[in-house]
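Working notes, beginning with the structure itself.
A, B, ... follow the sequence lines: proteins, then strands. Residue 1 opens every chain.
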Amino acid sequence: MQRFLFKRIQKPLQNLALCANYITTTIPTHNNTNATTIPHVETSDSWASIIFDLAQCGTRTGHALFEASHMLISGTKPNGYLFVQMVRASANLGWDFFSLQLHSYILRSGFCSNVFVSTALINFYIGIGSLSDAHQVFVEIPQPSVVSWNSLISGYVHSGQFCKALSLFLQLERSEVSVDSYSLTAALGACGQLSFLLLGKTVHSKTVKLGLENSTVVLNCLIDMYGKCGSLQEAILVFNNMIEKDTISWNSVIAASARNGSLQQAFSFLQQMHNPDIISYNELINGFSRFGDVEDAIKLLFSMPNPNSSSWNSIITGYVNRSRAREALDFFCKMHLENVEMDQFTFSSILSGVAGISALTWGMLIHCCTIKFGLATSIVVGSSLIDMYSKCGKISDAETIFHLLPEKNLVTWNSMISGFSWNGNPSKMMLLFEQMKMERDVKPDEITFLNVISACLHNQIPFENALQYFESMIKEYGIEPTLEHCCSMIRLMGQRGEVWRAENMIFQLGFGTCGSVWRALLGACGKCRDLKVAKNAAAKVIQLEGEDEFVYVTMSNLYAHYAKWEDVRVARKLMKEKGMRKEAGYSWIERENVISNSELQ
DNA sequence: ATATGTGAGT
């Protein structure tokens, strides 16, 4: 139990850390109070004012924590409520080291069996992103309450581990503890993120069973869930049946419409709304720049009352997603000129645009901006910087940033791994992958494995090694292979002349009816010149996706290779008859990016 | 002790 406490070394808070250290090293536990301890001079009443200050979370909170520590040192008997307030206050202040010491003090004094205290600790660990510690605390509570469950479930949702959250939710349903509206909102959030419509509907029926059909918060979550699962009609239905709608209800239904491409619908909701806030407008701006015209989005941005950085970010993201990175950069400059505040999302969006066009000079300039804004070490910006540098071929700069980042998440690791993969450094890639597996709060996901497998593809790593990765993904990590994994494996087989294995795998993984895998197989056959498998693959592509010039070109090249000139002639004739033409190949080389003085002003 | 609404990486 103690093991996991001291792993994380936080910013040192000198006097408090010392004080906290003093607590844990010198104070006897309460069940074996010895004679050297100062007797209880104070009664539990004396906690009252301290607890009051702790709970206020104001300027006196830190001081109150300090006093509470001293009282504990002097032997005043604590109670559970005091610890709850201490943990909460210390977590709010970001005094991580102090909180850790507090945890160990709580363990020593036997208060960890108190549900309230332990739940407060769970929330502390969630706050610092240490989900495994939170889970550990949870597991050791003799009888966790709904709140303990809910805290952990929503903790997993907030950290993006939606499946984990849902499996906990299902576990909660099977336990003696009964679910409440908090559990349902967390579960709905996870369903939405995963587009689990069916499970979402099940949760919907639970809300009715529990008589929560009038809870605004729960209904808001339902709107959001349906919207994210692509069921706009259901979302609107829930919205229309609501008796009490608040701003979030309106924004959720606007978001549901906008994100599903129903821009008209979204716009009409916005017009019906009495007091639209920034988010209401931003959802629509986002919708316009994603599905409509970026120009419309810009119009709305300039006509809305108080646009913020998110409003501007949506435009940049819109340009970037439509491969209009130059315009994104123009807009970024405009944002700078108009003194709009920039946040981590501004930088991550623009950096992703810069990465897409390998505009290194711009990337470096923006990197400087992030440093100036104090955002260079944020996880989001840091991950984008890694991606940008590695896509610009500056892998060692990417590496430096990776190592300098104080905190890393799944995305950070994935960016670095894909960087090594694209820059032809498989040994570093594999080393990093092994390091990642050792991390406590990060686990490889399907994207990690896709990067690893494609690294094998690009770096001539033996097929057997790639197969090992692929199998460990399925068996050890329980990750379902996606279409892309399947295609990567097929391409690998093509490289090693092992396409004969492919067909079996395709059917085993259930991708037999996907044209794109057969297309990948055909391409692989072209590489390793396997005419027999190619014929079959070509037939499948045509059967599933219709006529296709790629098929004819590949086949005629293959026939040519085996000097089957008659077949070549037939294939070319067929192509001609169908009016197909091989598209001319082209490559583009980004010219040196020079930023002119006018752009810099 | 706990909850809902946009943004990043293949």
Inset, instruction - Report the distance from atom CD1 of A:Ile401 to atom C1' of B:dA8, rounded to the nearest whole Å. - result: 15 Å

Legend entry - Sugar-phosphate, base or nothing in reach of A:His485, heavy atoms under 4.0 Å: nothing

Legend entry - DNA chain B contacts made by residues 206-214 of chain A, counting heavy atoms under 4.0 Å: none

Legend entry - Residues in salt bridge (Lys or Arg N to Asp or Glu O under 4.0 Å) contact with A:Glu173, at least two apart in sequence or another chain: A:Lys206

Inset, instruction - Report the nucleotide, chosen from B:dG9, B:dA1, B:dT2, that has the shortest atom-to-atom distance to any side-chain atom of A:Asn414. - result: B:dG9

Inset, instruction - Using only side-chain N and O atoms of A:Thr317, determine if any of them is under 4.0 Å from OP1 or OP2 of B:dA8. - result: yes

Inset, instruction - Can you tell me the distance, in whole Å, between the CD1 atom of A:Ile153 and the P atom of B:dA1? - result: 19 Å

Inset, instruction - Taking salt bridge (Lys or Arg N to Asp or Glu O under 4.0 Å) as the test, write out the residues that go with A:Asp277, two or more places apart. - result: none

Legend entry - Interatomic distance where CG belongs to A:Asp180 and C1' belongs to B:dT4 [whole Å]: 14 Å

Legend entry - Sequence neighbours excluded, every pair satisfying ring-ring contact (aromatic ring centres under 6.0 Å, His included) that has a member inside residues 150-171 of chain A: A:His135-A:Tyr156

Inset, instruction - Under 4.0 Å between any heavy atoms, over every strand shown, what does A:Ser352 touch: base, sugar-phosphate, or nothing? Just pick one. - result: sugar-phosphate

Ignoring hydrogens and angles, write down the donor-acceptor pairs under 3.5 Å from the side chains of residues 283-293 of chain A, residues two or more places apart or on other chains.
unit_1   : atom_1 : unit_2   : atom_2 : d
A:Ser289 : OG     : A:Ile285 : O      : 3.1
A:Ser289 : OG     : A:Asn286 : O      : 3.3
A:Ser289 : OG     : A:Ser314 : O      : 3.1

Legend entry - Results of salt bridge (Lys or Arg N to Asp or Glu O under 4.0 Å) for A:Glu213 - residues two or more places apart only: none

Inset, instruction - Could you check whether A:Asn313 gets within reach of a base, just the sugar-phosphate, or nothing at all, counting any heavy atom under 4.0 Å? - result: base

Inset, instruction - Give the rounded distance in Å between these two atoms: OH of A:Tyr319 and P of B:dA8. - result: 17 Å

Inset, instruction - Check if the side chain of A:Asp277 and the base of B:dG5 share a donor-acceptor pair of N or O atoms closer than 3.5 Å. - result: yes

Legend entry - Ring-ring centroid check A:Phe83 A:Phe116, cutoff 6.0 Å: no

Inset, instruction - Would you indicate, yes or no, if B:dG9 has its OP1 or OP2 atom less than 4.0 angstrom from a side-chain nitrogen or oxygen of A:Ser348? - result: no

Legend entry - Nearest-nucleotide pick for A:Ile447, side chain only, options being B:dT2, B:dT4, B:dG9: B:dG9

Inset, instruction - Pick base, sugar-phosphate or nothing for A:Asp224, based on heavy-atom distances below 4.0 Å to the nucleic acid. - result: sugar-phosphate

